[in-house]
Amino acid sequence: MASVSTPARRAAAGSRRAGFRRAAATDRLRSDGAGWLFATPFLVFFTLFLIVPIGIGLWMSFTDASLTGHGDSALVGLDNYTEAFGDSQVWQTLGNTVWFTVLTTVPLVLVALVMALLVYTGMPGQWLWRLAFFASHLLPVAVVYQIWSMLFQPDRGMLNGLLKVFGIDGIGWLTDEKYAMWSIALVTLWWTVGFNFLLYLAALQAIPDHLYEAAALDGAGAWRRLWSVTLPQLRRTTGLIAVLQVMASLKVFDQIYLLTKGGPNGATRPILEYIYDTGFTNYRLGYASAVSYVFFGLIIILSIAQLKIFSRRED
């Protein structure tokens with residue numbers, strides 16, 4: 001016997017559905033409230049130590065603020081930015097920064113990939129190789145400076161000692177303009193390649209085994225599996241590492257400041273060191289802030305361009 005729908009039954013069913021919707025909405029509100037509650041500590045620190053300083057720095061870039069505290073930090077409008085675009089030191093140090101980025105980005109991607117492939121293919125004593133490849137990344141910059149400053153010494157350094165064994169005159173690794181930036185790039189490669197190696201190794205371990213099995217059944221050798229399976233599967237990781245490496249290289253400061261202090265003759269001086277000298281040596285905080293925001297804008301543009309390039313490759 002078919003059930004008969006009556007107005008009372010329809011009203012009761014509608015009331016139940018409305019009750020379910022209200023209960024679901026209440027649960028969502030409670031869930032959202034709990035989420036915001038857990039996120040509040042992070043948001044407070046994020047605002048205090050990132051958003052607020054960014055706002056203060058941006059405001060300062062439109063003033064003639066001085067580190068000495070003298071004066072009233074009067075507004076100067078866009079004068080600091082106009083001076084920055086016409087400052088030859090800005091463009092020279094920016095060129096040094098870009099040159100350092102070019103020297104380090106490609107080796108830090110390729111060397112890390114080779115290191116990860118060597119470990120992933122089953123070299124004997126894998127734990128030792130993993131430790132050796134990653135250990136340098138754990139060292140603080142002061143230790144890195146001590147190690148490489150001794151290696152680069154012109155008279156008693158190990159590198160020049162090796163060159164003399166082959167009858168080659170010593171090189172001014174950090175004192176010759178032709179070699180100084182290359183030497184710093186070598187130090188950076190040795191120091192930071194371990195992080196990229198770890199990212200590649202994790203990506204290699206995430207590649208499904210059935211892809212290699214299918215390629216082997218099709219008769220693909222080791223090199224064919226590398227080109228047709230491994231490298232395409234690492235495309236996203238390579239894009240990520242390239243973006244991170246470019247951003248890190250553009251922000252170079254520590255190792256250059258310790259090893260050469262921007263010398264010789266400003267050949268290795270990055271733009272961050274110029275900003276530091278302008279603000280904390282010449283006391284021009286307003287102008288240093290303007291230069292830093294010009295540099296920040298260039299980094300944003302470059303980041304967007306990189307993301308678009310890699311997204312197109314993925315498509």
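Position 1 is the first residue of the sequence, and the numbers go up from there. Treat the numbers as computed from the prediction; the structure is a model and nothing was measured.
Taking the side chain as every heavy atom from C-beta outward, F152 and V187 approach each other to under 4.5 Å. Counting only heavy atoms from C-beta outward, the side chains of W191 and V141 approach each other to under 4.5 Å. In this structure, I184 and T188 have side chains that are in contact, with non-hydrogen atoms separated by less than 4.5 Å. Annotation: side chain of T175 is not in contact with side chain of P264 (no heavy-atom distance under 4.5 Å). With a 4.5 Å cut-off on side-chain heavy atoms, F197 and I241 do not count as touching. The closest side-chain heavy-atom distance from F295 to L94 is below 4.5 Å. Considering only heavy atoms from C-beta on, I171 comes within 4.5 Å of L163 through its side chain. Annotation: side chain of T238 is not in contact with side chain of L231 (no heavy-atom distance under 4.5 Å).
When only modelled atom types and interatomic distance are considered, N196 and Q245 share a side-chain donor-acceptor pair under 3.5 Å. Between Q92 and R269, the side chains place no donor N or O within less than 3.5 Å of an acceptor N or O (distance only, hydrogens not considered). Defined by atom type and a distance below 3.5 Å, a donor-acceptor pair is missing between the side-chain atoms of Y276 and T281. Side-chain contact, Q89 with T93: no donor N or O sits under 3.5 Å from an acceptor N or O. Between the side chains of T260 and T268, at least one donor N or O sits under 3.5 Å from an acceptor N or O. Under 3.5 Å, the side chains of Y212 and T230 contain a donor-acceptor pair of N or O atoms.
Closest of all the heavy-atom pairs between A180 and L174 is CB-O, 4.2 Å.
The aromatic rings of F62 and Y81 sit tilted, their planes meeting at an angle between 30° and 60°. In this structure, Y287 and Y274 have perpendicular ring planes: the angle between them is above 60°, well past the 30° mark.
Within a 6.0 Å sphere centred on CH2 of W190, other residues, nucleotides and ligands contribute more than 12 heavy atoms. Counted within 6.0 Å of CZ on F134, heavy atoms from surrounding residues, nucleotides or ligands total more than 12; the atom is thus considered enclosed.
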Problem - Residue pair V109, L113: steps toward the side-chain contact (heavy atoms from CB on, under 4.5 Å) verdict - result: CA-CA 6 Å; V109 173; L113 175 59; 5.7 Å; no
Problem - ring-ring contact (aromatic ring centres under 6.0 Å, His included) between W173 and W148, worked out - result: CA-CA 10 Å; W173 298 97; W148 283 93; 9.1 Å; no
Problem - Trace of the side chain to side chain donor-acceptor pair (under 3.5 Å) decision for N160 with Q153 - result: CA-CA 8 Å; N160 278 345; Q153 283 184 359; over 6 Å; no
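A salt bridge is absent between R284 and D64: the closest approach of a Lys/Arg side-chain nitrogen to an acidic carboxylate oxygen does not fall below 4.0 angstrom.
For S228 (side chain) and R225 (main-chain N/O), no donor-acceptor pair under 3.5 Å exists by modelled atom type.
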